[in-house]
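Taking it in order: structure first as structure tokens, then the write-up.
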Amino acid sequence: YIITQGVVSIDISDGEQSQIIDLMGQGSILGIYNSYSGEEWPYNCTIRSVQTTKIIHIPMSIIIEMSHNYNDLADNLE
């Protein structure tokens, strides 16, 4: 997803406490993975909109196609 308008906060939580770890605005790219693995305790991330925010969905097939032309993008795909 790409933010086209507004701001979102990225919150991390251990199930009891939550903390904002980042704010992202127009032009930022958001993924769909919302948990950290390999940690002693599970953590979840939540994206919260604090105002009216508009996003557009970019299908993974388009991102993979673009990665053929942009090595940096290809190196960061999981």
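The structure presented is a predicted model; accordingly, all values stated were derived computationally and were not measured.
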>> Walk me through whether Glu65 and Asn69 qualify under side-chain contact (heavy atoms from CB on, under 4.5 Å).
In response: CA-CA 8 Å; Glu65 184 177 320; Asn69 296 320; over 6 Å; no
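Tested against Met24, the residues Val7, Leu30, Thr53 include a single side chain to side chain contact (heavy atoms under 4.5 Å, CB included) partner, Leu30. Between Ile10 and the choices Ile20, Ile21, Thr46, Leu23, the side chain to side chain contact (heavy atoms under 4.5 Å, CB included) rule is met once, by Ile21.
Under the 3.5 Å distance criterion, the side-chain polar atoms of Ser13 are matched with a main-chain donor or acceptor of Gly15. Between the Ser49 side chain and the Val8 main chain, no donor and acceptor come within less than 3.5 Å of each other.
Residues Gly6 and Ile3 come closest through the heavy atom pair O-CG2, 3.7 Å.
Inter-residue side-chain proximity for Ile2 and Ile55 is flagged as unmet; no heavy-atom pair is nearer than 4.5 Å.
Remark: Ile12 CD1 to Gln17 CD distance equals 12.0 Å, nearest 0.5 Å. With values rounded to the nearest 0.5 angstrom, Tyr1 atom OH is found 11.5 Å from Ile56 atom CD1. In this structure, CZ on Arg48 lies 5.5 Å from OG on Ser18, to the nearest 0.5 angstrom.
More than 12 heavy atoms of other shown residues, nucleotides or ligands fall within 6.0 angstrom of atom CD in Gln5.
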